Amino acid sequence: MPDAVTRLAERLSELAGAPVELERPNDPVHGEYATNVALQLAPTRKRPPRELAEEIAVAAAGLDDVERAEVAGPGFVNLWLAPAWFEQALAEMLEAGKDYGAGWAEQRERVQVEMVSANPTGPITVASARNGAIGDCVARLLAFAGHEVEREYYYNDSGTQMTLFRESVEAIRRGEEPPENGYRGEYVAELAGEEGDPVPKMLAQVEATLERFRIRFDSWALQSKLEGRVGEFLPKLDTYEKDGAVWARSSAYGDDDDRVLIRSPEKGGTPTYRAVDVVYLADKLERGFNRAIYVLGADHHGTRNWYAAVARMLGYDPERIEVLLYQLVHLTRGGAQARMSKRRGEVVFLDELMDEIGVDASRWYLANRGPDQTIEIDVDLAAERTEKNPVYYVQYAHARIAGILRNAGAAEISAAAPADVAPEERDLIKRLAEFPDVVLEATERRGPHGVPNYAIRVADDFHRFYHHHRVLESDAQAFRLGLCTATQAVIARCLDLVGVEAPDRM
RNA sequence: GCGCCUGUAGCUCAGUGGAAGAGCAGCGGCCUUCUAAGCCGCCGGUCGGAGGUUCGAAUCCUCCCAGGCGCACCA
């Protein structure tokens, strides 16, 4: 079921005899919607764009949904919509309810999103949290589109890092310094103070932190379980021996270099992590996922081509493997910057961030920027529970609506539009009409930040509407209650897609 | 040296071919009315630079400048 904007565009396409795309002009003088189709058509039809625009405008003005159509500039057609359009758009939103904008995927896929995947040698850091925020939001978007999504956490339970971690804890228990390159810090001392293997404890803490961050994993993959199958996959790869080691000829499959799979005897003759990568990648696809998404920090960008090469070597369609990269996170506080870097030891943990600014703000600020952007979070601003903070601005709009609907009791809710739809009502409905497009784009581009940014616009339009018009006991009460209901559903959905709560009271 | 990412208002950032935006910061207004965590107004930009493609470029192409991150028989 196409949304109201798409449907209008389709009708205009028939009139123009070519695909029409509608956009919302920034300047209200340019109409409620506008199209540049005449400009696009002018060269092929060998006619002046304004002349074409004129014809399209006249035809468009004849539609029930169109109140007025004007030609402007070099050949834009600017449209103003009739109450009938707003009524139908709102009716569709109300009918769809919570599912408004959902289920657009044409083919249902089984998708795995592997995220965070930090070795449990310490608490989850803010950098890993961004990984989780992006991965989880993408997973929510895919599920909302209609796909079957599973979240997986992969960690190396058998490598040198885990050994070093255990040795560090042991050393402290003996009253010694941790080994060079070992692990230090308060959490290591705490683990040393307890009995037994620190790894399961650390793992439980990691899981608890992520649950608090509202990420729930469907499965946990262990490197030790995959290592045993390396021998099974070696013959399926394009390999050769050099300097006593076994190499993958990955450069012939799109990678930048060939890679060592099995170390030379002097180095122990053991499989490298890349050999396990091969097993894991195959394992994902063997488990029946149509698509496997890796969420990786930008410092791993070099592995993107590697994964594609592995897929090709194994005969899989590389399109089934996606690597989502995201840039670093910096925290600031009153101008003084704290760098997020394990190496410099200035680690900031996700739990500390959530303690300080709350779970909602943490989710919001880690998801509201494009993955390609290095982001900076001002902890002081993010901790403010005021209008300065967009997350509360959006939540407040939701809570306000909830208040109105509470007061409305069982009053009638209707999409039936009055003869005069006010500018603030028109803007709000047009905004809500964008929602299906917003989720679609955020999903396909794997850019969840489009959702919170859009939610701010919705809250904007709602607050403006609220300020200018009374809902209860107004002439248009049923219509405005309908508008409130649809707005609440969209805001709630946006917040849910970001992993933020939608409170009924604030 | 090579590769990836980034450069848009004082700051943090949206905007992937159509008529430059938001939040914060700064200045000024609005609470006997469904939540003032709200609304309204002002200030502020040669979209890093130079070429190119196009009727049209912040957006696409090339080069340059600046910053970040990578270029292991570590993970």
Side-chain angles (χ1 to χ4, degrees), chain A residues 21 23 25-27 29-30 34-36 39-40 42-43 49 72-76 78 117-119 155-156 159-161 181 223 242-247 256-257 259-274 276-277 297-305 325-328 330 332 335 365 368-378 381 384-397 399-408 441 445 447 449-450 452-454 456-457 459-460 462-474 477 480 484 505-506:
Chain A
E21 281 184 26
E23 59 183 71
N26 297 317
D27 189 338
V29 169
H30 299 134
T35 177
N36 58 0
L39 291 165
Q40 289 174 331
F76 292 99
N78 298 335
S117 294
N119 282 340
Y155 65 98
N156 183 352
T160 50
Q161 295 304 313
N181 300 324
Q223 177 164 328
K242 191 179 85 180
D243 303 331
V246 178
W247 294 67
D256 308 325
D257 277 307
R259 311 290 182 181
V260 172
L261 295 174
I262 307 294
R263 295 182 180 92
S264 57
E266 310 89 78
K267 300 273 186 178
T270 50
T272 62
Y273 74 96
R274 288 184 190 276
V276 186
D277 280 346
D299 51 338
H300 289 78
H301 78 257
T303 61
R304 182 179 251 174
N305 292 338
L325 297 170
Y326 62 92
Q327 300 289 325
L328 305 180
H330 304 275
T332 62
Y365 280 97
N368 85 129
R369 300 304 182 195
D372 286 338
Q373 281 286 347
T374 307
I375 57 171
E376 212 163 274
I377 299 176
D378 184 331
L381 174 62
E384 275 201 61
R385 295 181 173 270
T386 67
E387 77 286 353
K388 295 174 186 172
N389 199 335
V391 62
Y392 301 115
Y393 179 78
V394 173
Q395 286 184 322
Y396 185 57
R400 259 188 164 173
I401 295 171
I404 294 170
L405 295 177
R406 263 197 309 276
N407 294 337
E441 238 189 72
R445 288 169 55 181
H449 63 293
N453 285 310
Y454 165 76
I456 293 173
R457 299 281 80 78
D460 244 350
F462 176 76
H463 285 309
R464 192 172 302 115
F465 157 78
Y466 175 92
H467 181 79
H468 285 91
H469 304 283
R470 201 171 160 86
V471 176
L472 299 177
E473 287 150 36
S474 70
Q477 174 175 306
R480 289 179 183 161
C484 287
R505 295 175 200 271
M506 285 177 77

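We name chains A, B, ... by the order of the sequence lines, and we start the count at 1 in each one. Fair warning: this is a prediction, and the values are worked out from it, not measured in the lab.
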Quiz item: cation-pi between A/R400 and A/F462, 6.0 Å / 45°: no

Give me syn or anti for B/C40, where syn covers glycosidic angles within 90 degrees of 0. anti

Distance, rounded to the nearest Å, where A/L325 contributes CG and B/C69 contributes C1': 11 Å

Of all heavy-atom pairs linking A/V260 and A/A245, the shortest is CG1-CB, 4.1 Å

pair_partner(B/U59), Watson-Crick or wobble, both distances < 3.5 Å, evaluates to none

For nucleotides B/C60 and B/G15, find the distance between their C1' atoms and express it as a whole number of Å. 16 Å

Identified pairing partner of B/G7, criterion: Watson-Crick or G-U wobble below 3.5 Å: B/C65

Closer than 4.0 Å, any side-chain N/O of A/Y466 to the OP1 or OP2 of B/A36? yes

Going by modelled atom types, is there a donor-acceptor pair between the base of B/C73 and the side chain of A/T272 at under 3.5 Å? no

Does any donor-acceptor pair link the side chain of A/Y273 with the base of B/A75 at a separation under 3.5 Å? yes

Among the candidates B/C73, B/A37, B/U6, find the nucleotide nearest to the side-chain atoms of A/R385. B/A37

Would you indicate which nucleotide in B/C55, B/C74, B/A19 comes nearest to any side-chain atom of A/A72? B/A19

Indicate whether OP1 or OP2 belonging to B/A75 is found under 4.0 Å from a side-chain N or O atom of A/Q223. no

Whole-Å C1' distance, B/A36 and B/C30: 10 Å

How many Å lie between CD on A/E376 and C1' on B/C24, as a whole number? 13 Å

Nearest-Å distance for atom pair CG/C1', residues A/N453 and B/G23: 10 Å

Could you check which of B/A19, B/C73, B/A37 has an atom nearest any side-chain atom of A/P25? B/A19

Measuring to OP1 and OP2 of B/G17, would you say a side-chain N or O of A/Q40 lies under 4.0 angstrom away? no

Interatomic distance where CZ belongs to A/R445 and C1' belongs to B/G15 [whole Å]: 9 Å

Between A/A245 and A/Y396, which residue's closest nucleotide on RNA chain B lies nearer the 5′ terminus? A/Y396

Taking atom types as modelled, is there a side-chain donor on A/D460 or A/Y393 under 3.5 Å from an acceptor on the other? yes

Scan A/L405, A/I404, A/N407 and name whichever one has a side chain to side chain contact (heavy atoms under 4.5 Å, CB included) with A/V471. A/I404

Across the strands shown, which category fits A/N181 at heavy-atom distances under 4.0 angstrom: base, sugar-phosphate, nothing? nothing

If only side-chain N and O atoms of A/K388 are considered, is one of them under 4.0 Å from the OP1 or OP2 phosphate oxygen of B/A25? yes

Selection from B/A75, B/C73, B/A19 that lies nearest to any side-chain heavy atom of A/S264: B/C73

When both distances are under 3.5 Å in a Watson-Crick or G-U wobble arrangement, the nucleotide paired with B/G1 is B/C71

P atoms of B/A9 and B/G21, separation to the nearest Å: 14 Å

Using the P atom as the point on both nucleotides, what is the distance between B/A22 and B/C40, in whole Å? 11 Å

Between A/Q161 and A/N156, is the side chain to side chain contact (heavy atoms under 4.5 Å, CB included) condition met? List the steps. CA-CA 8 Å; A/Q161 295 304 313; A/N156 183 352; over 6 Å; no

A/N453 versus A/N368, closest heavy-atom pair with distance: ND2-O, 3.4 Å

Now, which nucleotide makes the Watson-Crick or G-U wobble pair with B/C42, with each of the two distances under 3.5 Å? B/G26

Distance in angstrom units between A/L472 CG and B/U35 C1', rounded: 13 Å

Report the base-pairing partner of B/U53 (Watson-Crick or G-U wobble, both distances below 3.5 angstrom), or none. none

In whole angstroms, the gap separating P of B/C2 from CG of A/D256 amounts to 14 Å

Starting at CG of A/N305 and ending at P of B/G70, how long is that distance when rounded to a whole Å? 17 Å

Starting the side chain at C-beta, find the nucleotide from B/A37, B/G23, B/A19 nearest to A/M506. B/A37

Between B/A19 and A/H30, is there a base-stacking contact, meaning the centre of the base's six-membered ring lies under 5.5 Å from the residue's ring centre while the planes stay under 30° apart? yes

Let me confirm one number: the OH-CD distance from A/Y155 to A/Q223, rounded to the nearest 0.5 Å. 11.0 Å

It should be established whether A/N407 places a side-chain nitrogen or oxygen under 4.0 Å from OP1 or OP2 of nucleotide B/U35. yes

Give every pair of a protein N or O atom and an N or O atom of nucleotides 39-43 of chain B that lie under 3.5 Å apart, one pair per line with the distance.
{"unit_1": "B/C39", "atom_1": "OP1", "unit_2": "A/Y393", "atom_2": "OH", "d": "2.7"}
{"unit_1": "B/C39", "atom_1": "O2'", "unit_2": "A/H467", "atom_2": "NE2", "d": "2.9"}
{"unit_1": "B/C40", "atom_1": "OP1", "unit_2": "A/R464", "atom_2": "NE", "d": "2.5"}

A/T374 vs A/I262, nearer the 5' end of RNA chain B by closest nucleotide: A/T374

Identify the nucleotide, in any strand shown, that forms a Watson-Crick or G-U wobble pair with B/A36, with both distances under 3.5 Å; if there is none, say none. none

Name the nucleic acid region contacted by A/D243, choosing base, sugar-phosphate or nothing; use a 4.0 angstrom heavy-atom cut-off, strictly under. base

A/H301, nearest nucleotide to its side chain (from B/C74, B/G70, B/G15): B/G70

Which part of the nucleic acid, if any, lies within contact of A/L261, taking any heavy atom under 4.0 Å across all strands shown: a base, the sugar-phosphate backbone alone, or nothing? nothing

Rounded off to whole Å, could you give me the CG-to-P distance for the A/N36 and B/C55 pair? 14 Å

Check this for me: A/E21, atom CD, are more than 12 non-hydrogen atoms of other residues, nucleotides or ligands nearer than 6.0 Å? no

If we take the P atom in both B/C47 and B/A58, what is their distance in whole Å? 7 Å

Base partner of B/A20, which must satisfy Watson-Crick or wobble distances under 3.5 Å: none

